[in-house]
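See structure below.
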Amino acid sequence: MEKYDPKSIELRWQGIWEGDGAFTTRDPGGNGKYYVLEMFPYPSGKIHMGHVRNYSIGDVVARFFMMKGKDVLHPMGWDSFGLPAENAAIQHGIHPAEWTRQNIVFMRNQLKRLGFSYDWKREVATCAPEYYRWNQWLFLKFFEKGLAYKKRSSVNWCPGCSTVLANEQVEGGLCWRCDSPVEEKKLDQWFLRITDYAEELLECTQGLTGWPERVLTMQRNWIGKSVGVEVSFPVAGSIEAIRIFTTRPDTIFGVTFVSLAPDHPLVEKITAPQRLEEVREFSLRVLSMTGREAEAEKEGVFTGAYCVNPLTSEKVPVYAANFVLMDYGTGAVMAVPAHDGRDFEFARKYNLPVKVVVSPLDGEPDPAAMQAAYVDDGVMVNSGQFDGMSNTEAMEGIAEFLERRGLGKKGVTYRLRDWGISRQRYWGCPIPVVYCEGCGTVPMPYEDLPVILPEDVLLTGKGLSPLANCPFVNAKCPRCGGKARRETDTMDTFVDSSWYFLRYTSPESKDLPFDKKEAKVWMPVDRYIGGIEHAVMHLLYARFFTKAIRDIGLADISEPFANLLTQGMVCKESMKCPEHGYLFPEEAAGGVCRQCGKAVEVGAVEKMSKSRKNIIDPDRIIETYGADTTRLFSLFAAPPEKDLDWSEEGVEGSYRFLGRVWRLVGENMEALKAAAPYDGYPAITGDGKVAMTGDGYPAMTGDGKVAMTGFLRDIRRITHMTIRKVTQDI
RNA sequence: GCCCGAGUGGCGGAAUCUGGUAGACGCACGGGACUUAAAAUCCCGAGUCCCGAAAGGGACGUGCCGGUUCGAUCCCGGCCUCGGGCACCA
């Protein structure tokens with residue numbers, strides 16, 4: 001018998017699959033469709049173990065449903081715009097397009113060598129004009145519907161690299177590349193109005209029963225809906241009024257001051273002239289702080305202005321305070337020190353009065369002696385006609401009272417902000433807009449798409465958008481034919497990945513981003529598999545796009561992913577040499593540093609990452625043990641949702657297991673070849689008699705058929721139990 | 001601080017949804033077979049403690065405390081620990 005030789009077996013079958021088009025998608029027939037999708041990779045250079053795990057899980061699902069007779073859509077592609085390509089260009093002098101192309105070729109071969117059941121005919125790459133022209137098309141549709149707009153807003157600015165950074169590229173207030181403190185800078189930016197869909201995005205989480213609860217929780221928290229009341233506090237001696245939002249209308253009687261965000265427009269208007277200098281100084285100082293520093297102690301300055309509590313007619317001072325955020329709610333808050341922790345801290349610091357209006361049942365606290373705000377439920381006190389009510393009743397009562405008098409109205413506020421998609425980078429999808437001297441902001445006509453990203457661009461990593469310095473910027477206004485300047489920012493790459501699952505349903509579509517009929521056939525994705533790190537951003541954006549695309553009339557689904565599986569990370573202990581720092585596994589063979597021979601310190605088991613050098617190259621494992629062992633181990637070693645601890649011994653165990661299967665089949669090859677397909681009855685031997693079963697003789701059932709007994713029955717039972725178990729698990 | 005999730009042998013983990021022989025499978029470990037020897041492979045053993053020369057037998061065991069039940073790793077309540085997410089959100 002031949003030895004188990006994974007390489008020759010795998011290459012032979014991979015060749016046969018490819019030759020037969022075994023994984024080419026069929027049009028769904030009577031058995032129904034199944035769309036299984038794994039999050040497509042960024043083509044960074046090589047496949048890593050996280051990819052192997054992700055795609056092995058997906059392959060199991062795909063093959064399972066293929067074997068059940070479903071028509072399966074199982075595509076793969078490349079999230080191929082992004083900053084690493086630009087960094088490679090700057091560091092190695094290779095063009096981002098070429099670097100990306102080479103990486104895709106290499107990684108595609110790696111995936112093929114792993115034997116995954118992808119329909120490569122449907123491959124997409126987001127950096128291809130045939131793909132990103134539809135990004136631009138969707139952008140124009142969004143623009144028409146008012147879902148895309150431009151406004152001035154703050155961005156993370158790194159003075160060291162003189163470039164804008166994404167939020168993910170700011171680590172602890174510092175630039176991820178050069179460690180410069182990140183500054184806030186105001187720039188004109190394009191936004192997508194995701195907040196229009198806040199309520200629906202929240203509401204629909206109820207129906208996503210196939211999603212992990214924690215992902216839904218994270219999305220709900222991110223959307224952050226608050227129900228409350230918007231109330232106006234007129235400014236004393238002025239026609240202005242301060243609009244505040246509160247979720248605690250029951251505590252309005254306890255307001256002892258009002259706080260404004262330092263950049264609230266009213267600050268300038270109402271501050272007393274003699275305090276103006278101090279207030280401006282404070283605002284400037286607070287606003288120049290970065291995210292991390294701003295978490296410092298609560299601080300504020302008195303504006304010299306007073307406003308009037310609409311319920312009590314009391315005059316209360318107005319402060320500018322560092323903990324009030326302009327871009328949440330109305331940028332102004334009423335302060336109730338007795339019942340809000342932040343206001344309490346602030347009031348104690350500046351000796352402001354504390355007024356109790358909700359009393360615990362065991363007695364009203366003394367404001368002077370309180371150590372902390374009382375934030376729980378209780379009975380209303382010092383609140384006029386509402387005294388004696390429970391505060392939960394008063395909440396509703398006061399809200400209605402204010403509405404009747406026209407002093408306020410019930411309202412809802414979300415934490416979710418609109419999605420800023422402008423990136424001052426080269427390697428991304430151009431935003432299809434020009435600025436005409438005469439006509440202003442003009443969208444490109446649909447028939448002029450795509451706006452092609454030019455190839456001859458000088459990349460230095462300095463300055464604003466690289467596209468601003470090349471002929472690309474000069475355009476003709478599509479409306480008046482006059483001179484115009486092209487938009488030089490590109491789109492956030494999350495835009496690319498917000499609809500790629502729709503493109504897979506008809507990757508050749510020439511007239512629309514995707515074919516409506518095909519999308520109707522295949523969507524939604526029945527099982528979506530990827531890392532938990534995308535729990536909020538990508539998955540929320542994709543949900544938003546699906547709803548917006550529905551409202552454009554292109555699709556009739558509201559949610560893209562029926563079931564979501566978030567797989568755990570692949571982890572391994574790190575190795576550290578006292579002299580040479582982190583070591584790759586092969587540099588620490590035998591527990592000593594290969595360079596200096598010092599004993600290696602074994603670190604904690606953590607996510608595989610290049611910086612800790614605790615990585616395993618899938619190629620090496622495939623070369624040594626074969627793709628099947630690599631895949632088997634990454635499935636077997638831990639449940640899909642949980643982290644997987646890498647273990648070379650475990651890999652060997654998987655390899656031995658496959659060796660045993662190979663021998664078991666090989667040694668019984670003759671018997672297996674002779675066996676007839678199983679028809680549910682005991683085997684008939686060559687002479688036409690019923691074969692002997694484990695315990696001697698076959699038994700007869702009531703209808704005269706031969707029943708299965710003993711050993712045979714056990715085998716059949718185990719077979720069926722296994723089928724049931726596998727079906728349930730998958 | 002708030003919100004999720006998880007705690008089972010030396011290790012990764014089964015069983016938990018649907019309460020009914022806890023510890024499947026794998027790793028590591030020990031013993032044996034094969035071999036001149038080794039590798040590879042195969043077989044056997046093993047939760048912990050106690051009694052016994054052995055065959056066997058007994059007690060205790062799923063983070064801790066309590067509840068429901070004939071019966072709880074599983075259901076309920078309270079705590080502890082670890083992991084993750086969010087965090088001045090008014």
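Here is how names work: the chains are called A, B, and so on, in the same order as the sequence lines, proteins then strands, and each is numbered from 1.
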Using the C1' atom in both, what is the distance from G32(B) to G23(B), to the nearest Å?
25 Å
If the condition is ring pair (Phe, Tyr, Trp, His ring centres under 6.0 Å), which residues does Phe346(A) pass it with, not counting sequence neighbours?
Phe257(A), Tyr319(A), Phe323(A), Tyr350(A)
Derivation of the side-chain hydrogen bond (donor to acceptor under 3.5 Å, both in side chains) call for Tyr528(A) and Thr566(A):
CA-CA 8 Å; Tyr528(A) 194 36; Thr566(A) 49; over 6 Å; no
Compare side-chain N and O positions of Arg417(A) against OP1 and OP2 of C89(B) and report whether any pair is under 4.0 Å apart.
no
Using only side-chain N and O atoms of Arg660(A), determine if any of them is under 4.0 Å from OP1 or OP2 of G26(B).
yes
Of all the heavy-atom pairs spanning Glu652(A) and Tyr625(A), show the shortest one and how long it is.
OE2-OH, 3.2 Å
In whole angstrom, give me the gap between the C1' atoms of U18(B) and A72(B).
14 Å
To the side chain of Thr246(A), which of A28(B), A90(B), G85(B) is closest?
A90(B)
For the P atoms, the ones on G56(B) and on G45(B), what distance do you get once it is rounded to whole angstrom?
12 Å
Where does G45(B) fall, syn or anti, if syn means a chi angle no more than 90° from 0?
anti
Sugar-phosphate, base or nothing in reach of Arg220(A), heavy atoms under 4.0 Å:
nothing
Which part of the nucleic acid does Arg342(A) contact within heavy-atom distance under 4.0 Å: base, sugar-phosphate only, or nothing?
base
Under 4.0 Å between a side-chain N/O of Ser226(A) and OP1 or OP2 of A90(B), yes or no?
yes
A6(B) and G63(B): how far apart are their P atoms, nearest whole angstrom?
13 Å
According to salt bridge (Lys or Arg N to Asp or Glu O under 4.0 Å), who are the partners of Glu403(A), at least two apart in sequence or on a separate chain?
none
For Ala638(A), answer base if it contacts any base atom (sugar-phosphate contacts may also be present), sugar-phosphate if it contacts only those atoms, and nothing otherwise; contact means non-hydrogen atoms under 4.0 Å.
nothing
Looking for any heavy atom pair under 4.0 Å, which part of the strands does Gly224(A) touch: base, sugar-phosphate only, or nothing?
nothing
Examine A87(B): is either OP1 or OP2 under 4.0 Å from a nitrogen or oxygen in the side chain of Arg415(A)? Give yes or no.
yes
Is it the case that the side chains of Trp419(A) and Asp492(A) hold a donor-acceptor pair, with the cut-off being a distance below 3.5 Å and no angle test?
yes
With rounding to the closest Å, how many angstrom separate the C1' atoms on G47(B) and U73(B)?
14 Å
Could you walk me through whether Arg243(A) and Thr330(A) pass the side-chain hydrogen bond (donor to acceptor under 3.5 Å, both in side chains) test, one step at a time?
CA-CA 6 Å; Arg243(A) 284 168 50 243; Thr330(A) 60; over 6 Å; no
Want to know the stems of RNA chain B: at least 3 consecutive Watson-Crick or G-U pairs with distances under 3.5 Å, which are they?
B:1-7 with B:80-86, B:10-12 with B:25-27, B:29-33 with B:41-45, B:47-51 with B:56-60, B:63-67 with B:75-79
Under 4.0 Å: is that the gap between some side-chain N or O of Arg663(A) and OP1 or OP2 of C42(B)?
yes
What contact category does Ser647(A) fall into here, base, sugar-phosphate, or nothing, at under 4.0 angstrom with non-hydrogen atoms?
nothing
So Val336(A), base contact, sugar-phosphate only, or nothing? Heavy-atom distance under 4.0 Å.
nothing
How far, in whole Å, is A15(B) from A33(B) if one measures between their P atoms?
38 Å
Check whether any side-chain N or O of Arg243(A) sits under 4.0 Å from OP1 or OP2 of A90(B), and answer yes or no.
no
